[in-house]
Amino acid sequence: MTEERSFLEAARREKLEQLVGLGVAPFAYRYDRTHTAQQALDLFREGEEPAVSIAGRLVALRGHGKTTFAHVADQSGRIQVYAKLDEVGAGSYDMIKLLDLGDLVGVEGRVFKTKTGEVTVRARTVTLLAKALRPPPIGKEDAEGEQHGGLKDPELRYRQRYADLAVHPEVRKVFELRARVVSFIRRFLDDRGYLEVETPVLQPLYGGAMARPFTTHHNALDRQLYLRIATELYLKRCIVGGMERVYEIGKDFRNEGMDRQHNPEFTMLESYEAYSDYTDIMRLVEDMITGLVQSLFGAHTIERFGHSFEFRAPWPRKAYLELIREHAGLDLGTATDGDLRAFLKPRSHRPAGSADPALDPVNWPRTKLMDEVFKVAVEPRLEQPTFVVDYPIEISPLAKPKRGDPTLTERFELFVNGHELANAFSELNDPDDQRRRFEAQLKAREAGDDEAQQLDEDYIRALEYGMPPTGGLGLGVDRLVMLLAGEASIRDVILFPMLRPE
RNA sequence: GCGCCGAUAGCUCAAUUGGCAGAGCAAGUGACUCUUAAUCACUAGGUUGCAGGUUCGAUUCCUGCUCGGCGCACCA
């Protein structure tokens, strides 16, 4: 490493030594900042020169011999700094000449306006707070505000998110939005009497969703454990125990492919409310998301991805089977499996004689065919917020049968912009029925569906103690943030997304 | 997992049919006490992702690998 260090870093280390030679401590302990950059800008009044101390990273540096102009950026924004030999003193100016782009500095002085009209801090003292030994991948902004250079390589942006954030304030905005979303959800549920709880990430059995898990091993117990794929079954155990409204916002882990909508670990909100059903949960979701959009943007309509999304409630509720009839022209009451395959054939891009028989629609059970028809024909059409309700019972093993039609369940999924955002149901609380549903899942597993759920005896035991009727919700937080931030890739709403090792 | 595309200086990008690897910014030295993509002069900066192959000669053509992007599959 030492001999491989680039000449750019060598130059910075050389300056570091010169600074030490000048008696400057290159890595300070603290700084008394009185104003952020934005506060300092706002402070300016014509004819006044208020004193401020600001601190931040040097993002532009223009030396002119015995004067130096710079821009210092902090979390609030950036402000110009003007340092003049006569005003900071010769010793201090020697230090200023050794500063580099990327260094962290504190500046104390008075706010004034230059003759070209930019509000600026006229430095009285400049303090080095931390020397940057590596050059920041900083771009330049021209008079029209257009960026030149900068960090564009997406791999570097995700791998070195610290550099991405340091150089691109707009990236930080996405994560500020994310934080406001999560904080709003907490407040919303807390205000409705929900209790936030934490359930196990390491689980002896995984359940609550259809997915392949990560496995791990506990040494002292010498047993295999799974990273959770959902919090569902534990949260409902809480409901059994009399915690009538609970939620958890946490990471789930699914051992599946990665693409711009999937990261192996992702953030899920799950909430459960005793004595309510899925219609209550629909209203809860409407209230939560319309409230969120209103609180974030002060409006019910937002423009994203070239479309306008209208969040004003109530949102349309459309039955799963109706939508398939409407968009695919298939009546699932009378259509045969062959009809479904015939519909899928021209629309599905699956390789015909694929090596993996599980990928060949010819071998799919009817439920999977239906699901595929829905995915291909219906999902892309669900642009505006829409509740899809009453899913077939075979693909909903944790939901109560629908009143009046036991082939369906009281379940809904919320779709926006063609993507599923939430999944919810009237929770199945009949332990004997739950056992039968698990057993059906076991059969599906034996038939080769490795995402089918496991039979959780302890969960059934919990239901046998009696679970009140309960409405439950799962909501993908990353997906919600993607929609609200207008980001097409999940990697742009996760600070440190999963990447292959360098 | 499959397909397509990509990887060149710290960053952003060039390089003609295969013929000495370049620019802007960043960096170094000098000049400059209201500049703002500061300016001017000079200087330095490269194992062209890795490993092979073809060729007198490879950034360029071929094969394999690594990493990434996009699409498909899986899924939320």
Side-chain angles (χ1 to χ4, degrees), chain A residues 4-12 14-15 59-71 78 80-88 93 100-102 112-118 120 122 132 134-160 163 167 209-212 229-230 252-269 348-351 354-356 358-360 371-372 375 413-415 419-423 450-451 474-480 482 488-491 499-502:
Chain A
E4 292 298 324
R5 185 176 291 131
S6 82
F7 69 101
L8 290 164
E9 292 163 56
R12 285 168 183 252
E14 166 70 27
K15 288 185 186 176
V59 293
L61 197 54
R62 299 177 292 280
H64 300 72
K66 298 185 180 61
T67 71
T68 296
F69 284 89
H71 275 91
R78 48 148 67 189
Q80 181 168 256
V81 168
Y82 172 55
K84 189 156 72 157
L85 173 62
D86 295 346
E87 292 174 2
V88 299
Y93 202 79
D100 286 306
L101 231 42
F112 76 114
K113 192 181 263 184
T114 62
K115 72 179 183 190
T116 48
E118 179 161 351
T120 300
R122 184 200 309 275
R134 198 179 277 272
I138 235 163
K140 284 203 162 191
E141 200 173 277
D142 66 20
E144 285 81 44
E146 194 183 335
Q147 285 287 337
H148 301 261
L151 191 60
K152 291 198 178 151
D153 180 347
E155 179 174 358
L156 276 184
R157 288 191 44 230
Y158 300 141
R159 251 185 231 294
Q160 301 189 28
V167 165
M210 312 265 205
R212 292 207 298 271
I229 59 171
D252 288 345
F253 306 85
R254 298 190 184 174
N255 206 342
E256 283 152 357
M258 295 152 55
D259 59 31
R260 36 194 228 149
Q261 316 220 32
H262 300 85
N263 197 59
E265 57 179 295
F266 62 101
T267 302
M268 181 85 118
L269 161 71
S348 174
H349 303 282
R350 281 160 221 284
S354 163
D356 185 350
L359 294 181
D360 190 338
D371 219 29
E372 184 67 13
K375 205 168 284 179
E413 292 191 340
L414 170 64
F415 283 84
H419 297 306
E420 182 197 332
L421 220 57
N423 181 20
D450 59 358
E451 289 173 354
L475 186 149
V477 173
D478 310 273
R479 294 276 177 85
L480 177 61
M482 285 167 69
S489 172
I490 197 169
R491 290 183 160 180
L499 297 172
R500 286 171 208 279
E502 274 184 88

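Model, not experiment: these values are computed from the prediction. Below, chain A is the first sequence line, B the second, and so on; all start at residue 1.
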Taking any heavy-atom pair under 4.0 Å as a contact, classify [X]: base, sugar-phosphate, or nothing.
{"X": "A:Glu87", "answer": "nothing"}
{"X": "A:His71", "answer": "base"}
{"X": "A:Met268", "answer": "nothing"}
{"X": "A:Asp371", "answer": "nothing"}
{"X": "A:Gly63", "answer": "base"}
{"X": "A:Arg500", "answer": "sugar-phosphate"}

For nucleotides [N] and [M], find the distance between their [atom1] atoms and express it as a whole number of Å.
{"N": "B:G45", "M": "B:U8", "atom1": "C1'", "result": "14 Å"}
{"N": "B:G57", "M": "B:A21", "atom1": "C1'", "result": "15 Å"}
{"N": "B:U16", "M": "B:C4", "atom1": "C1'", "result": "26 Å"}
{"N": "B:U63", "M": "B:U54", "atom1": "P", "result": "15 Å"}
{"N": "B:C5", "M": "B:U47", "atom1": "C1'", "result": "25 Å"}
{"N": "B:C13", "M": "B:A7", "atom1": "P", "result": "11 Å"}
{"N": "B:G19", "M": "B:C32", "atom1": "P", "result": "47 Å"}
{"N": "B:A27", "M": "B:C67", "atom1": "P", "result": "34 Å"}

Inset, instruction - Only stems of 3 or more consecutive Watson-Crick or G-U pairs count here, both distances under 3.5 Å; name the ones for RNA chain B, or none. - result: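 B:1-7 with B:66-72, B:10-13 with B:22-25, B:27-31 with B:39-43, B:49-53 with B:61-65 - these are the stems of 3 or more pairs that involve RNA chain B.
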
Legend entry - With A:Phe253 via ring pair (Phe, Tyr, Trp, His ring centres under 6.0 Å) - residues at least two apart: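 Partners of A:Phe253 by the ring pair (Phe, Tyr, Trp, His ring centres under 6.0 Å) criterion come out as none, since no residue qualifies.
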
Inset, instruction - Could you check if a side-chain atom of A:Arg491 sits within less than 4.5 angstrom of a side-chain atom of A:Met258, using non-hydrogen atoms only? - result: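 A:Arg491 reaches A:Met258 side chain to side chain.
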
Inset, instruction - Would you mind reporting whether A:Arg62 and A:Gln80 have side-chain heavy atoms less than 4.5 Å apart? - result: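 Yes, at least one pair of side-chain atoms sits under 4.5 Å.
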
Inset, instruction - Ignoring backbone atoms, establish whether A:Arg159 has a side-chain N or O less than 4.0 Å from OP1 or OP2 of B:G68. - result: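 So the side chain of A:Arg159 is within the cut-off, an N or O lying under 4.0 Å from OP1 or OP2 of B:G68.
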
Inset, instruction - Using only side-chain N and O atoms of A:Lys15, determine if any of them is under 4.0 Å from OP1 or OP2 of B:A27. - result: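 Answer no for this pair, as no side-chain N or O of A:Lys15 is under 4.0 Å from OP1 or OP2.
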
Inset, instruction - Please tell me which of A:Pro264 and A:Ser489 maps to the more 5' nucleotide of RNA chain B, matching each residue to the nucleotide holding its nearest heavy atom. - result: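 By nearest-heavy-atom nucleotide position, the 5'-most residue is A:Ser489.
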
Inset, instruction - Look at the side chain of A:Asp259 and the base of B:C74, then say whether one donor and one acceptor between them are separated by less than 3.5 Å. - result: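 Present.
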
Inset, instruction - Identify the two heavy atoms, one from A:Leu475 and one from A:Leu480, that lie closest to each other, and give their separation to 0.1 Å. - result: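 Heavy atoms only, the tightest pair is CD2-CD2, 3.9 Å.
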
